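Values in this document were obtained by computation on a predicted structure and should not be read as measured data.
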Amino acid sequence: MSKSTSWSKKSRNATKATRLPRNRVLMVAMFLVMGLAAAGLLRAGQAANEAKSADAGSHGVDITIFDKTCKPCEDFYHYASGAWLTKNPVPAAYPSWGRFNELAERNRELLHQILQTASNAHATAGSNDQKIGDFYASCMDEKRIEAEGFRPLEPEFARINAIQSSLELQTEVARLQSQGISALFDFGSTQDAKDSSKVIGGADQGGLGLPDRDYYTKADDKSIQIRQQYHEHIIKMLQLLGENPARALIQADAILNLETKLAEASLTRVERRDPVKTYHKMDRTELQTLTRNWLWDNYFQDIGYAKIEAVDVSAPKFFDAMSRQLTETPLEDWKAYLRWHLLNSAAPWLSQPFVDEDFNFKGHTLQGTAELLPRWKRCVTATDHELGEALGQIYAEKYFPPQAKARALDMVNQLTGALRDDLKTLSWMSPATRKQALDKLSTFARKIGYPDKWRDYSAFKVDRGPYALNVMRGAQFEFKRDLDKIGKPVDRAQWDMTPPTVNAYYNPEMNEIVFPAGILQPPFFDPNADDASNYGAMGAVIGHEMTHGFDDEGRKFDAQGNLRDWWTPEDEKNFNARAECVEKQFDGYQVQAGIHENGKLVLGESIADLGGLNLAYRALHKTLQGKQAPLVNGLTPDQRFFLAFAQIWAANDRPEFERLMTNTNPHPLDRFRAIAAPSNMPEFAKAFQCKEGDAMARPSGVRCQIW
């Protein structure tokens, strides 16, 4: 599994415990959406103001969702979006509902139309149209899926049941991993963090059924309750396979016991945010010494890559514990563990009883969701997951023409200039560090809309047979595609998000900022809105990703993407003091009774929010060139700027989902993102005439400022 994989606050599988990627992702959600229509593209600069339509007041900041019973200086979140929050409770099929969801649902239907057309067409065999059409059709074939039950998994269950030795166990782990099953640990390609021109193997902790290691280790009442519910869930799922209750109970005990031992040896989410702590490059001899009971030569042979020479091991303690469990845990317990992880991963592809019980725990218990999404929505998501660039290429041709890239790039250039000016004048940064920071900024790669080189899916066989087999073949295709990178030059043209994704990211090892076409549309950017609204929303997005290159994690990588300490000790001290201010601010935000935001966990995203909003503000005023922009709906440009930022974060969350996100996610909850950065900016206080000490005007002694 690569370090450069996408991850975001509301991912497709929010409950899966996976490696925290190097990518620094901005957005609240990773939804499938369509991008701008041909006419709805980015337009920055003074010319945009001159071309506003007569009804510009209906674009950008939405005045109809204000709650003016709230005071902007005290409760800016509800002042900006209170009416929206009241009118938009969380729908039954969702754990959370926000402005992102509105955009996603409005545009997911367009993807749906593309897939319906493809599934009903007589496409050329092997073409992208045939693959996305057949994949979607197999997912929608409920009659066949119900008739199959768990039959597509029977050959794999037979292999697991036939295991007679630790060597055969390890062979089966390799086989399951190649089919996308989260068994024991994660393995894939990764850039060498200290030589980013090279691709090596990457081994990471994994193999858990609960969202995070803390779910196994915490002793509070809620954590104990969730573990009990997980135990009951395992029993129910095993009984669906035909196990009798007594045997299912014994196996569930063994599975939870083994996973707990793996969890206890795993790094915490906060520890995993430090790239220095997760870099341990080893040759094959060192690797084998670390895990004496796990035979790496055999493993590399089993996965088809016998010549792997170097591996970055993110968590040596985990692999040492894993190795010991190979001899301390009985073979029958290991077999129960593998059966469970095969079933746990595959449940969404199987017949309705498995889907329902899988949702009951992962959706209802962990996230509070009341209903399962309709099948067509799940099938759209699955097609994007397995064939995202095949689907994305069709989307891009229809909805994101070449001129869109140029206009988006123009706005990126405006923000780059603002960051360059800022780096040149920072009072706390020395000339030596400043020079290297400017060098790093000058080498940022910029990816807009969609890839220049599309992924080749010719090796991925898709047909209208069992849906589960299509998914497993897709996992095999992706596993091989990923491992094929090892030992080859870094492919700097690759993308980690599909074009229709509403999200953006910064990758420190590539030193690149990436903005898929899906995010370049309202409410982030509206071509008919004023510059203040667009810079408050989309400008803050762009600035957010840029400052990730210099946040507490990104700053540890140089202009070439290498993990290297290029800051002077004094500059590092100055930065850490300012970062500690942000950490303390978020520690003070209460999520629920007894639960606060984890300032260390959300530090990088919160630094990026603060920096991005400051940069966007400066870019806006540079664009205005000192001219007095007119009032729109009675609002000044500065007021519209901050309101646009707050309104993109309007969201209602279920309590269970809030708990899950606070425990596992490096992004703060939306309601805190809307207010945290503005409350540190004197420009906000001036715009809304707030007095120092008001909730939205933090006193100068505790005000946080980095960029």
Side-chain angles (χ1 to χ4, degrees), residues 4-9 21-38 40-44 99-100 103-104 107 384 388-389 392-393 395-396 399-419 441 443-454 492-508 510-527 534-549 554 605 608-609 611-613 615-616 619 644-645 648 667:
S4 296
T5 55
S6 61
W7 188 87
S8 76
K9 184 169 182 181
R22 300 280 190 217
N23 284 2
R24 310 306 299 141
V25 183
L26 165 76
M27 284 300 121
V28 65
M30 197 163 144
F31 291 115
L32 308 172
V33 297
M34 301 304 296
L36 294 169
L41 308 173
L42 288 177
R43 189 173 187 179
R99 302 294 301 281
F100 287 78
L103 176 59
N107 291 287
D384 177 76
E389 289 194 17
Q393 186 171 2
Y395 141 75
Y399 300 101
F400 202 76
Q403 59 265 38
K405 281 192 169 186
R407 292 180 178 178
L409 184 58
D410 184 46
M411 197 170 190
V412 171
N413 289 339
Q414 297 289 335
L415 269 293
T416 302
L419 180 52
L441 177 62
T443 60
F444 269 18
R446 304 161 186 181
K447 295 178 178 177
I448 308 293
Y450 52 87
D452 294 327
K453 181 179 71 175
W454 295 101
R492 297 192 175 272
Q494 72 178 8
W495 280 53
D496 292 336
M497 288 180 180
T498 63
T501 303
V502 180
N503 215 325
Y505 68 89
Y506 169 75
N507 185 336
M510 292 283 204
N511 196 27
E512 64 182 8
I513 48 176
V514 185
F515 304 97
I519 199 169
L520 300 174
Q521 58 180 312
F524 298 98
F525 186 86
D526 183 343
N534 284 324
Y535 274 89
M538 191 64 211
V541 172
I542 296 169
H544 174 108
E545 297 309 334
M546 288 181 173
T547 53
H548 265 319
E605 298 301 326
D609 280 348
L613 193 63
L615 292 177
F645 176 76
I648 66 174
H667 300 75

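Atom CE of Met546 and atom CD1 of Ile513 lie 4.0 Å apart (nearest 0.5 Å). The CE atom of Met538 sits 13.0 Å away from the CZ atom of Phe645 when rounded to the nearest 0.5 Å. To the nearest 0.5 angstrom, Ile519 atom CD1 is 10.0 Å from Thr501 atom OG1.
Between Lys453 and Gln494 the shortest side-chain heavy-atom distance does not fall below 4.5 Å. The side-chain heavy atoms of His544 and Leu615, taken from C-beta on, include no pair separated by under 4.5 Å. Put simply, the side chain of Asn413 reaches to within 4.5 Å of the side chain of Leu409, judged on heavy atoms. Side-chain contact between Leu103 and Pro522 is absent, with no heavy atoms from C-beta onward closer than 4.5 Å.
Of all non-hydrogen atoms in Lys405 and Asp452, the two that sit nearest each other are NZ-OD1, 3.0 Å. Nearest heavy-atom pair, Trp495 versus Pro451, reported as atom, atom and distance to 0.1 Å: NE1-CA, 3.3 Å. Phe444 and Gly549 make their closest contact through CZ-CA, 4.4 Å (heavy atoms, listed as atom of the first residue, atom of the second, distance). The nearest pair of heavy atoms linking Leu520 to Ile448 is CD1-CG2, 4.1 Å. Taking both residues in full, the closest heavy atoms of Tyr506 and Glu545 are given as N-OE1, 3.0 Å, listed atom of the first, atom of the second, then distance. The two atoms that bring Val541 and Phe524 nearest to each other are CG2-CD2, 3.8 Å, heavy atoms only.
A donor-acceptor pair under 3.5 Å is formed between the side chain of Asn534 and the backbone N or O of Asp526. Between the Thr416 side chain and the Val412 main chain, a donor and an acceptor come within less than 3.5 Å of each other. Of the possible donor and acceptor atoms, none in the side chain of Tyr450 sits under 3.5 Å from a partner among the backbone N and O of Pro516.
Using a 4.0 Å cut-off between charged side-chain N and carboxylate O, Arg446 and Glu512 make no salt bridge. Salt bridge status for Asp496 with Lys447: absent, with no side-chain N to carboxylate O gap under 4.0 Å.
Checked against the 6.0 Å centroid criterion, the rings of Tyr535 and Phe525 do not qualify as a close aromatic pair.
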